[in-house]
Structure formats: C-alpha cells, structure tokens
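See below for the structure under consideration.
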There are 2 protein chains.
Amino acid sequence: MQESFSIGDLGRLTGCQVVTIRYYEKIGILAEPGRSSGGHRIYGPEHRDRLTFVRKARELGFSLDTVRSLLSLSETPEGTPCADVDRIASRHLVEVREKIAALKSLEGTLEGLLDICSHTTVEQCRVLDALRD
Amino acid sequence: MQESFSIGDLGRLTGCQVVTIRYYEKIGILAEPGRSSGGHRIYGPEHRDRLTFVRKARELGFSLDTVRSLLSLSETPEGTPCADVDRIASRHLVEVREKIAALKSLEGTLEGLLDICSHTTVEQCRVLDALRD
DNA sequence: ATACGACCTATAGCAACTATAGGTTCAAGC
DNA sequence: GCTTGAACCTATAGTTGCTATAGGTCGTAT
C-alpha cells in the first residue's frame with residue numbers, strides 16, 4: 001500500500017495550513033518531498049508523521065528551534081538515553097511557569113485598576129491615572 | 001524653566017531604549033520633536049509624559065495599537081466618560097486570563113509527561129511518545 | 001584641536017507565520 | 001476530449017515590537 005498525499009491532504013491530516021507546510025520546508029524543518037510531473041508536492045507517511053510531531057511540539061509551546069532539537073533527538077539510534085529530551089522539556093516547563101507568574105501579576109494589577117475606576121470621566125479615570133504616573 | 005532632553009536623556013528618564021524612541025516616532029506613537037542646529041532631537045516634558053504613558057501601557061501588556069487608542073482617549077476633552085477606557089482594559093483582562101488558562105493547561109500537560117517519563121531511552125521516552133502520537 | 005561618546009539615517013533581521021499577486025496543474029463532469 | 005474551477009505553484013511583502021548593523025555626523029570636555 002503506497003500512501004501518498006497532496007499538500008492539501010497533509011494539511012488536513014495534521015491540522016496545519018498549506019502555507020505553513022511550505023514554510024517548514026523552506027526553513028528545513030520538513031524535507032523536500034517528491035513532485036508530480038506537473039510540479040505538485042507528493043508526500044508520504046514519513047512526512048505526515050514528522051509534521052504531526054512538529055505540530056504537537058508547537059502546540060506544547062516549543063519554539064521551532066527547539067522542535068529541531070527534539071526531532072533530531074527522536075531520530076537518534078535506539079538505546080540513546082532521553083536525558084536531553086527531559087532537560088528540554090523541564091526547561092520549557094520552567095519558562096511556562098514563569099510566564100504564568102508574570103501574567104498573574106499583570107492580572108492582579110489590571111483587576112486593581114478596574115476595581116477602583118468608578119466609571120467616571122477621563123480626567124478622573126483610575127486606569128488612565130495609572131498610566132500617566 | 002525650560003526643560004529639554006536629548007534622546008538619550010529621554011531614554012534614561014522613561015526606561016526606554018533610544019532606538020525604540022525613534023521607532024515610536026516613525027510609527028506615529030510619538031510626535032516628531034524639535035531639532036538642534038546639527039539635527040539632534042530635542043524633547044520637552046510633553047514628550048517625556050507621553051512616552052511614560054506608552055511605556056506603562058506596554059508594561060501592562062497593551063498592544064501598540066491599543067496604546068494609540070488609550071492615548072487618544074486620554075487626550076479627550078474633560079468630562080468625557082471613561083467607559084471606553086474601561087472597556088479596553090476589561091477586554092485586555094479577559095485576554096490575560098485566557099492566556100493564563102491556556103498556559104496552565106500546558107503546564108499540566110508538561111508535568112504529566114515529565115512525571116511518567118522515567119528517564120530511559122529515546123525509544124521509550126514518554127515525552128517523545130506524546131509527540132509521535 | 002582633538003578625541004570620543006552620543007547622535008544621525010537607512011536597512012536588515014528576529015519568530016512564526018499570513019497574505020497577496022499572478023500564474024499552472026489536476027480531476028471531475030459533460 | 002474538453003472545460004471548468006479548485007487546488008496547486010513561486011515569489012515577495014506584511015505582521016508585532018522591537019533589535020542589530022553599517023557608516024557617517026555632532027557635541028562637549030579636555
């Protein structure tokens with residue numbers, strides 16, 4: 001069974017936009033696939049799997065650069081310890097937690113401003129006051 | 001007392017980088033200031049105040065486009081109700097909360113993956129598994 | 001008078017795509 | 001076999017909010 005997909009098929013299968021697939025090819029995240037006689041890209045299961053990997057990693061918030069590292073780690077010979085994968089994921093978790101903390105602090109500030117703004121006029125507005133120093 | 005500042009002074013006063021000040025001028029967030037005979041920018045207190053406003057709004061996470069709206073609202077004649085400011089800030093708060101929720105869900109996923117990955121080899125790695133589907 | 005830091009302009013680069021223009025191919029229906 | 005129209009192709013520019021670089025000029029302290 002030879003499975004082959006057009007770029008549109010691949011997009012549908014992976015939930016990835018066609019333009020994004022071409023973009024990934026251009027920046028070397030995806031290998032150049034074969035072409036039809038007319039020049040259309042023809043993909044196989046290996047492209048689908050790799051793109052699925054990329055999309056899932058992106059959904060988990062990894063940068064494309066980190067995705068590159070994860071891809072090459074996942075293609076490492078069997079028996080290679082996954083300590084590097086762990087390290088990357090742990091570091092990412094730390095960053096996610098830092099972002100949450102920053103946003104929570106921001107949330108508190110905004111809540112405070114909106115609480116005390118009694119919906120009056122622009123020259124008495126607490127939100128604008130906070131910005132005007 | 002005529003206060004005037006160089007672009008470097010203004011940067012120091014507002015915690016804003018010099019290149020960023022020029023960028024704000026270019027995109028119309030800050031008005032073009034006067035110039036010295038040699039062509040150096042000369043700023044006054046009004047520029048300082050406006051830039052302070054911009055920086056504080058950016059720290060609160062408002063986009064530059066929203067900052068534009070906030071600036072024009074803050075320059076509205078006295079007596080104008082600040083309902084629009086409230087609306088903008090409330091909407092922003094909603095977005096901040098949405099981001100927090102998304103990141104928390106991500107945090108949970110990453111924690112789960114790292115928990116069950118018993119630091120083995122790449123072909124058994126739970127983190128890579130999750131990406132491979 | 002000179003040195004040197006601060007300033008000037010213009011352009012390109014970053015992440016991770018998205019949008020546009022203008023053209024070609026493929027597949028389905030007649 | 002032919003036509004139509006969706007899907008494909010390339011190349012380039014735009015998005016956000018800056019930052020970096022190159023190559024030159026100005027201002028001020030000694």
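Quick note on labels: first sequence line is chain A, next is B, and so on, each numbered from 1.
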Could you tell me the separation between the [atom1] atom of [X] and the [atom2] atom of [Y], rounded to the nearest 0.5 Å?
X	Y	atom1	atom2	value
B/E59	A/L131	CD	CG	10.0 Å
B/L10	B/I21	CG	CD1	4.0 Å
A/I42	A/S4	CD1	OG	6.0 Å

Roughly, in whole Å, what's the span from [atom1] in [X] to [atom2] in [N]?
X	N	atom1	atom2	answer
A/L30	C/dC17	CG	P	11 Å
B/I7	D/dT25	CD1	C1'	15 Å
A/F5	D/dA7	CZ	C1'	17 Å
A/R22	D/dT12	CZ	P	15 Å

[X]: side-chain hydrogen bond (donor to acceptor under 3.5 Å, both in side chains) partners, not counting sequence neighbours:
X	answer
A/R55	A/Y24
B/T80	none
A/R97	B/E107, B/E111
A/S63	A/T66

Identify all pairs in which a protein N or O lies below 3.5 Å from an N or O of nucleotides 18-21 of chain C, and state each distance.
{"unit_1": "C/dT18", "atom_1": "OP2", "unit_2": "A/Q17", "atom_2": "OE1", "d": "3.2"}
{"unit_1": "C/dT18", "atom_1": "OP2", "unit_2": "A/T20", "atom_2": "OG1", "d": "3.1"}

If you compare every side-chain N and O of B/Y24 against the phosphate oxygens of D/dC18 (OP1, OP2), does one of them come in below 4.0 Å? yes
Presence of A/S6 side-chain N/O under 4.0 Å of D/dA7 phosphate oxygens OP1/OP2: no
Which pairs, with at least one residue in residues 29-47 of chain B and sequence neighbours excluded, count as a side chain to side chain donor-acceptor pair (under 3.5 Å)? B/E25-B/R41
Roughly what angle, to 10°, lies between the helix axis at the start of the helix from C/dA1-D/dT30 to C/dC30-D/dG1 and the one at its end, five pairs per end? 10°
Of all of [range], which get a heavy atom below 4.0 angstrom from DNA chain D, listed by number?
range	value
residues 47-66 of chain B	B/R55, B/R58, B/S63, B/L64
residues 35-43 of chain B	B/S36, B/G38, B/H40
residues 94-110 of chain A	none

For A/F62, give me all partners under ring-ring contact (aromatic ring centres under 6.0 Å, His included), at least two apart in sequence or on another chain. A/H92
Taking only residues two or more places apart in sequence or in another chain, which ones pass ring-ring contact (aromatic ring centres under 6.0 Å, His included) with B/F53? none
So B/I27, base contact, sugar-phosphate only, or nothing? Heavy-atom distance under 4.0 Å. nothing
Just wondering, are more than 12 heavy atoms of other shown residues or ligands nearer than 6.0 Å to CZ in A/R91? no
